[in-house]
Amino acid sequence: MTVPSRRSLFQMIGVVAGSAAMYHAMTELGYAEGSSFEGPIKLSQPPAGSTVVILGAGVAGMVAAMELRDAGYKVQLLEYNGRPGGRNWSLYGGDSYTEMGGATQHVQFDSGQYLNPGPWRLPYHHHGILHYARRLGVAMEPFIQVNYNAYVHSPDAYGGKPQRHREVQADFNGHVAELLSKCTKQNALDQAVNAQDREILMRALRDWGALDQNYEYKKNFGTSMRRGFDVDPGGGIKSVPVPSEPKALSDLLRSGLWSAIASGHNYEMQSTIFQPRGGMGMIGKAMGADLGPVIEYNCKVTDIRQDEGGVTVTYVDSRNGGGRRTARAGWCICTIPTPILSQIPMNVGPKLKAAIDQLPYLAALKVGLQFKRRFWEEDEQIYGGISYTSLPSTTISYPMWDYYSKGKGVVLGAYTFGRPAYLAASKSPQERIQDALRDGAQIHPQYPAEFENGVAVAWHRVPWAMGCQGAWTDEAREQHYNNLCSLDGRIVLASEHASRLPGWQEGSVTSALDAVARLHARVVQP
Amino acid sequence: MIRKFGLVLLLLTLPASAADTPDMRGSPFAMQGGEAVYRGVCQGCHMADAKGASGAAAYPALAANPRLAEAGYVLSMVMDGHKGMPPFRGHFTNGQVADVINFVRSHFGNRYRDKVTEAEVQALR
């Protein structure tokens, strides 16, 4: 029998009904979807003299400012830092960063090197943030999520020796395919799979798992074409490949390493993913340049007060206190992180106040380590991508720029949430770097000899965020999310924390556009 | 005991996020005793001298803070959090919660004599 592939099915629909019908069919089957971004927002002309004050020049605040400015509003944007971007942030050599508690780090990276302490990935379906990046001319390059030659590692698996992602994935798939084929042959799946499908399933399992003609996953040329060879095929006389031995199923299961090969299956981490060339902070910089004098920097908001006629925001200089100043506008879009906003006096209703007060931000840690040479490339043929370890550092990622260059490179030496991140926040920056070096040396013994300098950002210590992203639970969302997003008089919140894409810049963009649209509707039709 | 990356099943019960690994919590906090818990976790925000820290907003001092007079208030903050303070009920055992509260309320210049018991922590679960 012939089974039409999905692709040929789409082609048939396309030929018969034209491409609009094909797009509709694809959408119904869930293939063409993306974020809730629906293209550039179109706002009607607001009444003359309409004004908005926006708090926070992160992605949400700057998207709101650009759109409202373009529609004809008079916009004033107050920002705590001396730079635009907020959590859209890259640290470069020459930068200084002072965390809460007072520790200052002077970044010593070489020119061209950087760490993104915050977001670092742009999935292809995050249409909103990519729209603004394109509009502002921010150059993009691929972000490598899955590198088959990177490592998965646990100190308790395979004697602590890091294993190649490629081998673990090929062997796990192969063994599972073999087991399933045995079940199928023994008729154990008869209730789930009818006779006709059984034949197709057997063929698919052989294909998927690289099984031999007896449906076994064994050392041979076919399995080595998945997991790699002991000696690769070559040219000339010394050309005979030597296949490699698959890992035994029981060892593989007990290693736990199977749990480290799935990140790239996640919708948000599937290819293609982008990163701005030169650091994530390039987007924030471009937005800040576009807004120019609309943004007032070094403003620490101390009070937000609304009345019948508008909103008054009181602020001081974030560097030295200084005298109190005020900004007055008809409306206010507030993107201040909730741990901070909860401490700023603001006259809003009890439901919004409760929603703000109950939303802490998550702990997270990122450590950047500069090495004298790109040993992961030169010694281990790892070009970009991520290694995962069950050690507290969790994520080790290699620079996805300047491959094959002779120079130095900055590795993301630790990226972790939860308890390891809490523990890291309690330590000094130097201790966090030492911890990342100690973990990483178990995977790359070159670490101690090649390390030059590093920087460590523990997000609960970031003075203008007090955490990395809104820590929503399902229960809290049920109770408070709509209240958090609702317009309260003349004030509305926007941020990733007012989105269902926590921690993603797309959440900031779509939240800002949604807030702008609702606020504008109120302005033009009171 | 094998240290795993976290069971994949946990994905179903944890909030979505920009994290790579399905289990964002990591291994349980192993430290024992109030001081070890404070040094390991609490001082991340309240600082080593318990004097807090400030930025765009502040982490409150636990030294010379009259709010610590009421143990029940401190207990509810540790368990459920509020205004930037995350809930720790899912991270600590009853013993760890009681120990760290009793440590903080009897150090950093604090001289409170009444103690929080594990049973009082359990009563909030």
Side-chain angles (χ1 to χ4, degrees), chain A residues 80 100-102 119 121 154-157 254-257 259-260 262-263 268-269 300-301 318 336 338-340 342-344 357-358 360-363 386 388 390 392 394-395 415-420 422-423 425-426 458 460-464 466-467 469 471-474 500-504, chain B residues 1-31 36-60 77 80-92:
Chain A
Y80 180 86
M100 293 176 85
R121 286 180 277 232
S154 163
D156 305 310
R254 291 175 190 188
S255 76
L257 295 182
S259 65
S263 74
E268 286 164 327
M269 292 165 201
K300 176 177 174 173
V301 172
S318 58
I336 296 173
T338 48
I340 295 163
S342 66
Q343 299 182 35
I344 298 174
D357 288 353
Q358 63 79 41
Y361 267 29
L362 291 176
I386 298 168
Y388 292 103
S390 64
T394 312
T395 310
Y415 174 33
T416 192
F417 287 83
R419 292 175 191 138
Y422 277 117
L423 297 172
S426 284
H460 271 154
R461 294 242 186 174
V462 173
W464 38 270
M466 296 173 72
Q469 62 176 74
W472 284 105
T473 61
D474 290 345
R500 294 182 191 275
L501 286 161
W504 292 96
Chain B
M1 173 77 187
I2 299 167
R3 264 181 285 179
K4 293 208 180 88
F5 288 84
L7 293 171
V8 173
L9 283 175
L10 290 169
L11 183 59
L12 303 173
T13 60
L14 285 164
S17 140
D20 285 64
T21 41
D23 181 359
M24 289 172 49
R25 292 177 301 180
S27 312
F29 287 132
M31 70 285 275
V37 171
Y38 187 84
R39 296 287 164 225
V41 181
C42 312
Q43 75 174 27
C45 294
H46 296 284
M47 303 295 144
D49 57 7
K51 288 186 176 162
S54 64
Y59 292 124
M77 286 299 287
D80 296 321
H82 194 59
K83 291 193 174 183
M85 168 91 174
F88 282 92
R89 61 166 61 238
H91 291 296
F92 290 131

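This structure is a prediction, so every number in the text was calculated from the model and none was measured. In what follows, every chain begins at residue 1, and chains take the letters A, B, ... in the order their sequences are listed.
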Cut-off 4.5 Å, heavy atoms of chain A, and the answer for B:F92 is neither

Value for CD1 (A:I340) from NZ (B:K83), rounded to nearest 0.5 Å, stands at 14.0 Å

What one should report as the nearest heavy-atom pair of A:R419 and B:H91 is NE-ND1, 2.9 Å

Applying a strict 4.5 Å limit to non-hydrogen atoms, the region of A:L501 in contact with chain B is neither

- Query: Is any side-chain heavy atom of A:P360 closer than 4.5 Å to a side-chain heavy atom of B:P87?
  - Reply: yes

Counting heavy-atom pairs under 4.5 angstrom with chain A, the leader among B:G52, B:A58, B:C45, B:C42 is B:A58

Here the gap from A:Q358 atom CD to B:H82 atom NE2, rounded to the nearest 0.5 Å, amounts to 10.0 Å

Worksheet entry | Close side-chain approach of A:H460 and B:P86, heavy atoms under 4.5 Å | yes

Applying a strict 4.5 Å limit to non-hydrogen atoms, the region of B:A48 in contact with chain A is neither

Checked B:G84, B:A56, B:G55, B:G81 vs chain A; the most non-hydrogen pairs under 4.5 Å come from B:A56

When rounded to the nearest 0.5 Å, the distance separating NE2 of B:H46 from OG of A:S426 is 10.0 Å

| task | Determine whether B:R39 and A:L423 make a side-chain contact, defined as any pair of heavy atoms from C-beta on separated by less than 4.5 Å. | result | no

>> Classify the ring geometry of A:Y422 against B:F29: parallel below 30°, tilted from 30° to 60°, perpendicular beyond 60°.
In response: perpendicular

Taking every heavy atom of A:G101 against every heavy atom of B:A53, the minimum-distance pair comes out as N-CB, 3.8 Å

What one should report as the nearest heavy-atom pair of B:A57 and A:Q343 is CB-OE1, 3.4 Å

Taking every heavy atom of B:M47 against every heavy atom of A:R461, the minimum-distance pair comes out as SD-NH1, 3.3 Å

